[in-house]
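Reviewing the structure listed below.
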Amino acid sequence: KDATVWRKPSEEFSGYLYKAQGVVEDVTNRIVDHIRPGPYRLDWDSLMTTMDIMETFEENCCVMRYTTAGQLWNIIAPREFVDFSYTTNYEDGLLTCGISLDYGEVRPNFVRGFNHPCGWFCVPLKDYPSHSLLTGYIQTELRGMLPQSAVDTAMSSTLANFYSDLKKALKT
């Protein structure tokens, strides 16, 4: 009820491009402040367990390392990602995008995942300016020995939960 999730084969790698879309009751700036790397994300995103800004290039541009919790009763072990992230104004809304980097050593007990080009677009609804349309394009290569069916299940439920968790966080 919070979001719709689609998938199609990725042109970047042998997995899938996931598109998640839903209406969020808040303004674009506040929504993107909760999504981009920074102080809010760890407070509400139940999948993310750590996040460190490793390098900052300018106010909205950084390299971050973050870890995710295991999923599907730990069939999918915890993952670590190192991403370049950039947030900017885009048309009437905001865009926050990223891509993984080969950067630093992998920490013990994690599998290093890789995010191919991905991003979140957030634009106000014309008829309801206090609501925004949030659309995400995600291409995550979890790596490791995983059946595609487990990845599909984890990705679709994770993206749907992302919206409900974000909506709860914005109400506080």
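Everything numeric here is computed off the predicted structure, so don't read it as measured data.
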query = Should the ring pair Phe162 and Trp44 be called parallel, tilted or perpendicular, given that the plane angle runs from 0 to 90° and is split at 30 and 60?
reply = perpendicular

inquiry  = Can you tell me if Tyr128 has over 12 outside heavy atoms packed within less than 6.0 Å of its OH?
reply    = no

message = Within a 6.0 Å radius of atom CG on Asp92, are there more than 12 heavy atoms belonging to other residues, nucleotides or ligands?
response = no

note = Shortest non-hydrogen pair, Val5 vs Ala160, comes out as CG2-N, 4.3 Å

inquiry  = Evaluate Thr68 against Thr49 for side-chain contact (heavy atoms from CB on, under 4.5 Å), listing each step before the verdict.
reply    = CA-CA 5 Å; Thr68 60; Thr49 55; 5.7 Å; no

ask   = Would you say the side chain of Arg30 lies within less than 4.5 Å of the side chain of Leu170, judging by non-hydrogen atoms?
value = yes

inquiry  = When you group the ILVMFWY residues by side-chain heavy-atom contacts below 4.5 Å and let the links chain together, are Phe57 and Met54 in the same group?
reply    = yes

message = Could you tell me if the side chain of Met48 sits less than 4.5 Å from the side chain of Leu42, heavy atoms only?
response = yes

inquiry  = Whether the Gln148 and Tyr16 side chains hold a donor-acceptor pair (N or O, under 3.5 Å, no angle test) is what I'd like checked.
reply    = no

inquiry  = Checking Arg41 against Ile35 for the side-chain contact (heavy atoms from CB on, under 4.5 Å) test, could you report, in this order, the C-alpha distance in whole Å, the side-chain angles of both residues, the deciding distance, and whether it holds?
reply    = CA-CA 6 Å; Arg41 188 72 183 262; Ile35 293 172; 4.1 Å; yes

message = So Val32 and Trp120, do their side chains get closer than 4.5 Å, heavy atoms only?
response = no

ask   = For Glu11 and Gln139, which heavy atoms make the closest approach, and how far apart are they?
value = N-OE1, 4.4 Å

For the student: nearest non-hydrogen atoms of Leu134 and Tyr163, plus distance = O-OH, 2.6 Å

key: Thr140 vs Phe81 side-chain heavy atoms within contact, under 4.5 Å   = yes

Met51 and Arg65, any side-chain heavy atoms less than 4.5 Å apart = no

Distance-only polar pair, side chains of Thr67 and Thr50, donor-acceptor under 3.5 Å = yes

request  = Answer whether the closest heavy-atom distance between the side chains of Ser85 and Thr96 falls below 4.5 Å.
outcome  = yes

query = With distance as the sole criterion, is a donor-acceptor pair present between the side chains of Thr4 and Gln21 under 3.5 Å?
reply = no

message = Set out, in order, the CA-CA distance, both residues' side-chain angles and the distance that settles side-chain contact (heavy atoms from CB on, under 4.5 Å) for Leu142 and Arg79, then state yes or no.
response = CA-CA 7 Å; Leu142 295 178; Arg79 295 299 196 261; 3.9 Å; yes

request  = Measure the acute angle between the ring planes of Phe84 and Tyr86, then classify it against the limits of 30° and 60° as parallel, tilted or perpendicular.
outcome  = parallel

remark   = Output for pair (Glu141 CD, Ser14 OG), nearest 0.5 Å, gives 6.0 Å

ask   = How would you list, by chain and number, every residue that makes a side-chain hydrogen bond (donor to acceptor under 3.5 Å, both in side chains) with Asp83, sequence neighbours excluded?
value = Tyr66, Ser100, Asn115

request  = Apply the test side-chain contact (heavy atoms from CB on, under 4.5 Å) to residues Lys8 and Lys19: give CA-CA distance (whole Å), side-chain angles for both, the deciding distance (0.1 Å), then the verdict.
outcome  = CA-CA 9 Å; Lys8 72 175 201 170; Lys19 177 184 176 185; over 6 Å; no

ask   = For Ala169, does its backbone N or O pair with a side-chain atom of Thr172 as donor and acceptor, under 3.5 Å?
value = yes

task = Spell out, yes or no, whether Ile138 and Leu146 are grouped together once hydrophobic residues are joined by side-chain heavy atoms under 4.5 Å, including indirect joins.
result = yes

Side-chain touch Ile99/His116, heavy atoms, less than 4.5 angstrom = no

inquiry  = Between Ser132 and Asp26 (side chain of the first, backbone of the second, donor and acceptor by atom type, cut-off under 3.5 Å), is there such a pair?
reply    = yes

message = I'd like to know whether CG of Asp43 has more than 12 heavy-atom contacts from other residues, nucleotides or ligands below 6.0 angstrom.
response = yes

From Phe13 atom CZ to Arg143 atom CZ, the distance as rounded to the nearest 0.5 Å = 10.0 Å

note = Between the OG1 atom in Thr88 and the CG atom in Leu95, the distance rounded to the nearest 0.5 Å is 7.0 Å

remark   = Heavy atoms of Ile53 and Pro37 approach each other most closely as CD1-CB, 3.6 Å

remark   = CG (Leu133) and OG1 (Thr28) are apart, to the nearest 0.5 Å, by 11.5 Å

remark   = Taken to the nearest 0.5 Å, the spacing of Thr158 OG1 from Met155 CE works out to 7.0 Å

inquiry  = Going by salt bridge (charged side-chain N to carboxylate O under 4.0 Å, His left out), name the pairs with one or both residues in residues 111-127, residues two or more places apart or in two chains.
reply    = Glu80-Arg112

message = I'd like to know if the side chain of Asp45 and the backbone of Leu47 have a donor-acceptor N/O pair within less than 3.5 Å.
response = yes

request  = Taking the six-membered ring for Trp and the single ring otherwise, decide whether the centroids of Tyr90 and Phe121 are under 6.0 Å apart.
outcome  = yes

task = Determine the minimum heavy-atom distance between Arg36 and Asn60, stating which atoms define it.
result = NH1-OD1, 2.7 Å

query = Tell me, do Glu55 and Cys62 make a side-chain contact under 4.5 Å, heavy atoms counted?
reply = no

Pairs where residues 158-172 contributes a residue and the test salt bridge (charged side-chain N to carboxylate O under 4.0 Å, His left out) is met, not counting sequence neighbours = Asp2-Lys167

ask   = Closest heavy-atom contact between Leu159 and Tyr18?
value = CD1-CB, 3.8 Å

